[in-house]
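Structure record follows, encoded as structure tokens.
Numbered from 1 within each chain, the chains take letters A, B, ... in sequence-line order.
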Amino acid sequence: MVKIATWNVNSVKARLPNVLAWLKEAAPDVVLFQEIKCIDEGFPRMEFEDLGYNVAVHGQKTYNGVAILSKSPLDDIRRGLPHLEENGVDDHARYIEAVTGFGDLVIRVASIYLPNGNPSGQPPEITEKYAYKLKWMDRLKSHATELLKQEEMIVLGGDYNVIPTELDVYDPDAWRGDALFRLETRDKFRALQNLGLTDAFKALHPVETHCYTFWDYQGGAWQKDNGIRIDHLLLSPQAADRLTGCQIDRKPRGQEKASDHTPIWCELT
DNA sequence: ATGTCGCGTGAAACGCGA
């Protein structure tokens with residue numbers, strides 16, 4: 001059995017005590033981090049190695065940044081999302097993938113920090129930031145299409161900055177025009193899933209409501225449970241066949257110095 | 001109640017991104 005978690009930590013340095021405490025308690029085999037907000041050299045690698053993790057980092061100064069931790073070695077590490085247009089550049093560190101194995105469970109995992117995209121503009125207008133998000137989603141779909149041809153166990157996890165359905169937000173009308181909930185965003189996320197990727201949480205909790213992974217720091221959102229479900233684990237068919245559990249762990253969000261996101265994990269058996 | 005947080009700059013308070 002392999003337990004794979006994803007968590008947008010909102011600065012790995014500011015969050016280090018919280019993150020280390022959670023790793024000791026939850027003991028995931030693989031962890032996907034987003035928004036580490038540091039360069040590779042600044043990542044607290046040794047603290048995680050001391051807990052038995054192998055570490056792969058794709059960071060940058062100030063913003064973004066993703067990482068993968070695994071109790072098994074990380075092979076075939078790839079940094080950055082391919083499928084840039086000709087002469088295109090993407091200087092945001094938002095994607096890293098690697099292969100890690102636990103017995104006969106050999107899994108390709110990716111840590112994804114999909115662009116936020118706000119402000120998105122007044123529909124049907126689309127701002128430059130929102131256009132970047134939509135284009136990034138197209139690139140992710142192209143890459144996922146290629147990965148799926150390998151017929152491997154794949155877990156594409158991370159902060160997708162996508163609220164998939166009205167069940168995944170406390171007040172759909174309040175979020176209607178937001179880049180995380182606009183129809184263009186949800187259409188592209190659905191198209192990604194329709195390649196054959198399973199939303200692990202939705203597969204095991206199809207009708208549960210008030211299941212969120214993010215609560216804004218502002219306006220007492222956490223206390224009021226004004227949350228949204230935007231952190232997802234998407235599984236290839238080979239991985240989905242092994243899915244035996246998936247839970248959101250709300251505990252870290254309620255602690256001192258919390259990230260605005262909380263971890264979500266799945267188990268493959 | 002424009003009610004938060006983290007980073008970088010540059011030495012305190014601000015702009016940016018979320």
Side-chain angles (χ1 to χ4, degrees), chain A residues 6-22 32-45 47 57-67 81 89-96 111-122 126-137 140 157-164 168-171 174-182 184-186 188-189 212-232 248 250-264:
Chain A
T6 181
W7 191 4
N8 179 323
V9 294
N10 186 14
S11 171
V12 72
K13 289 181 184 170
R15 213 66 58 211
L16 193 57
N18 306 46
V19 172
L20 292 174
W22 186 75
L32 313 171
F33 286 141
Q34 301 85 38
E35 281 210 269
I36 60 171
K37 290 188 173 179
C38 63
I39 58 174
D40 294 7
E41 293 73 19
F43 191 82
R45 169 181 292 268
E47 284 83 345
V57 184
H58 181 40
Q60 68 179 102
K61 194 175 164 184
T62 312
Y63 303 123
N64 311 314
V66 286
L81 187 62
V89 283
D90 186 354
D91 54 5
H92 296 197
R94 296 181 174 277
Y95 185 91
I96 185 171
S111 180
I112 292 168
Y113 180 45
L114 206 145
N116 178 297
N118 280 308
S120 75
Q122 190 75 2
I126 285 176
T127 63
E128 196 171 319
K129 277 192 172 178
Y130 190 41
Y132 172 67
K133 176 179 192 155
L134 295 174
K135 179 68 90 178
W136 208 94
M137 294 183 83
L140 181 58
D159 176 2
Y160 279 76
N161 270 312
V162 175
I163 302 166
D168 304 309
V169 50
Y170 66 96
D171 181 359
W175 285 77
R176 207 66 72 183
D178 192 280
L180 280 62
F181 196 52
R182 265 179 74 156
E184 297 94 323
T185 305
R186 292 153 65 188
K188 287 200 186 293
F189 187 70
Y212 306 132
T213 63
F214 168 92
W215 298 259
D216 201 285
Y217 286 125
Q218 301 184 68
W222 167 248
Q223 288 75 13
K224 299 177 196 165
D225 197 25
N226 287 347
I228 54 179
R229 190 174 72 94
I230 58 174
D231 299 270
H232 307 298
I248 296 164
R250 289 188 170 230
K251 195 170 159 195
R253 183 61 181 85
Q255 293 174 336
E256 285 299 308
K257 290 275 289 176
S259 168
D260 40 6
H261 295 250
T262 215
I264 171 172

* Structure fact -> To the nearest angstrom, the CH2-P distance between A:Trp175 and B:dA18 comes to 13 Å
* Between A:Phe181 and A:Arg176, is there a cation-pi geometry (under 6.0 Å to ring centre, at most 45° from the normal)? -> no
* Asked: What's the CD-P distance between A:Gln60 and B:dG17, to the nearest Å?
  -> 12 Å
* What distance, rounded to whole Å, do you find between the two P atoms, one in B:dG15 and one in B:dA1? -> 25 Å
* Classify the angle between the aromatic ring planes of A:Tyr160 and A:His232 as parallel (below 30°), tilted (30 to 60°) or perpendicular (above 60°). => tilted
* **A:His92-A:Tyr132 aromatic ring centre distance below 6.0 Å** => yes
* Mind checking what makes salt bridge (Lys or Arg N to Asp or Glu O under 4.0 Å) contact with A:Lys251, not counting sequence neighbours? -> A:Glu25
* Asked: A:Asp260 has an atom CG; how far is it from atom P of B:dG17, in whole Å?
  -> 17 Å
* Would you mind reading off the distance between A:Arg94 atom CZ and B:dA18 atom C1', rounded to a whole angstrom? => 10 Å
* To do: For nucleotides B:dC7 and B:dA12, find the distance between their C1' atoms and express it as a whole number of Å.
  => 15 Å
Using atom names, set out every protein N or O paired with an N or O of nucleotides 1-9 of chain B below 3.5 Å, distance rounded to 0.1 Å.
{"from": "B:dG3", "atom 1": "OP2", "to": "A:Gln218", "atom 2": "OE1", "distance (Å)": "2.9"}
{"from": "B:dT4", "atom 1": "O4'", "to": "A:Tyr217", "atom 2": "O", "distance (Å)": "3.2"}
{"from": "B:dG6", "atom 1": "OP1", "to": "A:Arg15", "atom 2": "NH1", "distance (Å)": "2.9"}
{"from": "B:dG6", "atom 1": "OP1", "to": "A:Arg15", "atom 2": "NH2", "distance (Å)": "3.3"}
{"from": "B:dG6", "atom 1": "O3'", "to": "A:Ser11", "atom 2": "OG", "distance (Å)": "3.3"}
{"from": "B:dC7", "atom 1": "OP1", "to": "A:Ser11", "atom 2": "OG", "distance (Å)": "2.4"}
{"from": "B:dT9", "atom 1": "OP1", "to": "A:Lys61", "atom 2": "NZ", "distance (Å)": "3.1"}

* Asked: Hey, what's the ring geometry for A:Trp22 with A:Trp7, parallel, tilted or perpendicular (30° and 60° as the breaks)?
  -> perpendicular
* **Main-chain N/O of A:Ala258 paired with A:Tyr217 side-chain donor or acceptor, under 3.5 Å** => yes
* Gap in Å between the two P atoms, one belonging to B:dC14 and one to B:dG10, rounded -> 15 Å
* To do: Figure out the CD1/P separation between A:Ile230 and B:dA18, and round it to whole Å.
  => 12 Å
* Expressed in angstrom and rounded to an integer, what is the separation of A:Asn64 atom CG from B:dA18 atom C1'? -> 10 Å
* Asked: Using a cut-off of 4.0 Å on non-hydrogen atoms, how would the nucleic acid contact of A:Arg253 be classed: base, sugar-phosphate, or nothing?
  -> nothing
* Asked: Checking all strands, does A:Phe214 fall into the base, sugar-phosphate, or nothing category for heavy-atom contacts under 4.0 angstrom?
  -> nothing
* Short side-chain to backbone donor-acceptor contact, A:Thr213 and A:Ile264, under 3.5 Å -> no
